[in-house]
There are 4 protein chains.
Amino acid sequence: MTGIAAKTGRPRSEQSRTAILHAVDDLLAEVGYKAVTFKGIAERAGVSRQTVYRWWDTKAEILLEASAVDARAELAIIPTGDRVTDLTAYLAALTRFLTDSDAGAGYRALLGEAQHDEAVAALLHGTDIIGDSAAAILAVALPPETIEGTVPQAVAELVGPTFFRILNGHDPEELDHRAATLRFLARHNA
Amino acid sequence: MTGIAAKTGRPRSEQSRTAILHAVDDLLAEVGYKAVTFKGIAERAGVSRQTVYRWWDTKAEILLEASAVDARAELAIIPTGDRVTDLTAYLAALTRFLTDSDAGAGYRALLGEAQHDEAVAALLHGTDIIGDSAAAILAVALPPETIEGTVPQAVAELVGPTFFRILNGHDPEELDHRAATLRFLARHNA
Amino acid sequence: MTGIAAKTGRPRSEQSRTAILHAVDDLLAEVGYKAVTFKGIAERAGVSRQTVYRWWDTKAEILLEASAVDARAELAIIPTGDRVTDLTAYLAALTRFLTDSDAGAGYRALLGEAQHDEAVAALLHGTDIIGDSAAAILAVALPPETIEGTVPQAVAELVGPTFFRILNGHDPEELDHRAATLRFLARHNA
Amino acid sequence: MTGIAAKTGRPRSEQSRTAILHAVDDLLAEVGYKAVTFKGIAERAGVSRQTVYRWWDTKAEILLEASAVDARAELAIIPTGDRVTDLTAYLAALTRFLTDSDAGAGYRALLGEAQHDEAVAALLHGTDIIGDSAAAILAVALPPETIEGTVPQAVAELVGPTFFRILNGHDPEELDHRAATLRFLARHNA
DNA sequence: CAATAACCGAGACGGTACGTCACGTCTTAGC
DNA sequence: GCTAAGACGTGACGTACCGTCTCGGTTATTG
């Protein structure tokens with residue numbers, strides 16, 4: 001768990017904090033998740049290793065803090081009022097997020113770690129970035145009664161196919177987001 | 001890449017090979033993927049470290065070799081001829097595989113690594129255990145013309161929702177495989 | 001070359017340093033030079049391997065640091081004023097040093113390595129333990145003008161015969177240090 | 001100890017034997033004693049490692065066999081009848097042997113190993129290349145009665161100073177073999 | 001306005017796994 | 001029965017990062 005600021009004494013250096021978060025972002029993009037180490041982060045940020053350890057327990061926590069804001073922004077769609085357009089745009093945004101974005105790379109790394117690291121899984125629990133964003137777009141795109149009581153299910157059916165194909169290494173170019181949207185709506189509309 | 005047996009000299013020890021694969025299986029279940037090391041595998045298998053390095057370059061390769069056979073077996077459904085029954089059984093098997101099975105834990109660990117390790121991603125490319133098993137059950141459950149030309153898509157729509165929910169840590173108890181099957185068929189049947 | 005203490009950060013542990021030097025001494029006497037390894041030194045000293053590597057590059061450097069002080073002490077003769085007595089005592093001390101002493105075993109091992117290891121030769125260059133001690137005793141035993149300008153030569157003629165016989169495995173019991181001293185003086189006296 | 005040829009079966013390959021000895025010579029000159037390994041010798045000689053192990057127990061034995069003949073040749077002086085000339089020539093040959101010659105490098109490496117390896121010391125015992133050659137030249141250069149009963153001593157006084165200086169890394173250019181010869185003779189002549 | 005308390009950098013510490021190398025032994029097939 | 005080939009167990013190599021610790025030095029708040 002992240003360290004807690006004391007009430008007295010020298011205050012935490014905001015400069016060090018942001019330097020560390022930026023260093024993690026940079027390192028993730030440059031050398032990949034596996035090569036992101038506490039040692040490397042500290043050196044890149046121009047900060048002592050102890051300072052990193054003082055405020056974060058795992059590199060997953062740093063990575064989450066470093067990429068969560070960007071991730072939410074990239075998955076937020078401005079609704080147009082047309083459900084086909086909105087859902088199609090969302091699936092396109094999701095695909096870009098998972099394949100091209102730095103924040104998405106962080107998310108995939110964390111999700112990957114969570115598959116075999118209970119601590120990371122616990123950290124991610126209640127931080128369902130994709131699920132939250134999908135629920136948000138569904139709430140404006142569909143009439144409330146349509147998915148009442150089955151939001152997790154509807155979310156899974158919306159994003160699941162895309163999610164599965166990308167995580168299994170399929171070519172994202174092959175995805176037809178509009179067709180997927182229409183098939184999704186075919187079930188929940190009429 | 002895995003070493004290649006020479007035509008001359010002392011032949012490879014089959015005993016060592018199976019001891020290593022079993023050791024990986026055991027260690028994965030006992031200490032988790034992160035704590036599986038070449039050193040640990042060798043000691044557990046009663047084999048020299050060099051012998052492990054000689055035949056495999058990464059622990060991902062060993063794990064894949066150790067769990068692929070079991071994985072395929074666990075995802076193979078004996079068709080009854082009733083498509084609802086068969087697809088429902090498949091989704092149940094997939095859920096068990098991903099949540100309870102040792103082979104499934106290996107698969108999830110590999111898939112997780114693949115998200116941030118290009119080498120593992122390459123290794124898994126063309127080894128789509130879930131996709132292959134889903135395609136197989138679809139081939140016997142649906143009339144060929146129904147999914148002609150859209151097999152990857154149909155596969156993704158069948159397994160994607162379940163896959164997404166489990167990998168994101170949702171409770172597998174909440175999944176209703178029969179309902180999911182009916183919704184899937186609703187699109188491809190009539 | 002030996003590491004250099006930094007001006008900042010945690011200071012070097014003197015306890016570790018002396019533990020390492022003693023461990024080398026002990027190991028050299030117990031298992032011999034060839035079996036002295038960084039790993040063994042670290043374990044014997046109760047120190048991490050990295051700590052040994054941090055401060056020394058080769059085991060020759062550790063050995064030199066561990067035995068140089070003892071070596072000088074064992075080869076230092078307190079002059080009596082009688083040149084025959086002093087030089088005879090020196091040759092006896094040299095013989096004991098080369099055959100019985102732990103420090104002498106270290107010296108012989110280093111000299112041996114220097115014959116086929118350029119790095120060790122360079123390390124020993126300017127650390128002529130025998131030559132220095134011989135020059136010191138000659139300086140007090142002979143009138144300065146006698147060996148003026150030919151010190152290295154005189155040193156070599158004093159210690160060379162003994163040195164040659166011992167390094168070639170001859171029995172040190174056969175050596176007559178008094179007779180050797182008299183023959184040496186016969187040339188430089190009258 | 002070297003292996004012993006059997007009376008029956010396939011005879012030992014002379015081709016392999018000489019290939020190994022030449023490989024040792026070459027490797028010693030190219031990469032130095034420390035880097036001479038059984039593995040390296042076998043690969044260089046185009047021979048299996050087992051073949052090397054079958055016939056020699058240690059690399060010291062191979063090296064000795066490979067360089068002893070050359071060593072003796074390089075230290076053999078053709079006497080002219082003039083003792084000053086002969087002994088001076090011998091000391092010059094000894095210096096060249098110890099500093100420039102391949103065989104001499106082998107000798108120095110073996111002598112070095114013998115200082116901290118009992119097995120090598122035992123191997124060299126009774127193979128006193130320098131001592132034998134020095135005794136030979138003394139036998140023809142001095143009247144027999146001069147050194148009667150004190151050959152080892154005379155040998156040590158002849159070669160010891162030169163031996164000491166070279167093994168301790170002194171510059172061989174500084175040696176004046178003629179002057180050393182004259183000082184040596186001054187004691188044993190008149 | 002000092003004392004205190006927590007921060008910060010630097011870097012050494014004991015660990016542990018890494019991937020490589022050479023060791024000496026063994027087990028094949030071929031000559 | 002020698003030979004080439006090469007796998008085997010063993011163990012040291014030198015490196016990297018782990019998480020902890022001990023320094024000297026730097027800010028803020030508090031008495």
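In the text below, chain A, chain B and the rest are named by the order of the sequence lines, each starting its count at 1.
In summary, A:Glu113 and A:Lys59 do not engage in a salt bridge, as defined by a charged side-chain N under 4.0 Å from a carboxylate O. Using a cutoff of 4.0 Å between basic side-chain nitrogens and carboxylate oxygens, A:Lys34 and B:Glu118 are not scored as salt-bridged.
The shortest distance between the side-chain N/O atoms of A:Arg12 and the OP1/OP2 oxygens of E:dA6 is not below 4.0 Å. Dashed line: the shortest gap from a side-chain N or O of B:Ser16 to OP1 or OP2 of F:dA7 is not under 4.0 Å. Taking side-chain N and O atoms only, D:Thr51 has a distance below 4.0 Å to OP1 or OP2 of F:dA4. In terms of phosphate contacts, B:Trp55 brings no side-chain nitrogen or oxygen within less than 4.0 Å of OP1 or OP2 of F:dG6.
Ring geometry for B:Tyr53 against B:Phe38 counts as parallel: the plane angle stays under 30°, on a 0 to 90° scale with 60° as the upper cut.
Counting to the nearest Å, the P atom of F:dC21 and the CD atom of C:Gln15 are 16 Å from each other. In this structure, D:Ile20 atom CD1 and F:dA4 atom C1' are separated by 12 Å, rounded to whole Å. In this entry the distance linking CZ of B:Arg54 with P of E:dG19 reads 16 Å, nearest Å. In this structure, NZ of D:Lys59 is placed 11 Å from C1' of E:dC23, rounded to the nearest angstrom.
A heavy atom closer than 4.0 Å to some atom of DNA chain E occurs in B:Thr37, B:Phe38, B:Lys39, B:Arg49, B:Gln50, these being the qualifying members of residues 28-50 of chain B.
Across B:Asp25 and B:Ala66, no two heavy atoms sit closer than the pair OD2-O, 3.7 Å.
Each of B:Tyr53 and C:Arg10 has a nearest nucleotide on DNA chain E; the 5'-most of these lies closest to C:Arg10. Of the two residues contacting DNA chain F, namely A:Pro11 and B:Gly9, the nearest-nucleotide position lying further toward the 5' end is that of B:Gly9.
Among B:Val24, B:Ile20, B:Leu21, the one residue that satisfies the side chain to side chain contact (heavy atoms under 4.5 Å, CB included) test with B:Glu65 is B:Leu21.
Figure legend: cation-pi geometry between C:Arg17 and C:Trp55 absent, as NZ or CZ is not positioned both under 6.0 Å from the six-membered ring centre and within 45° of its axis.
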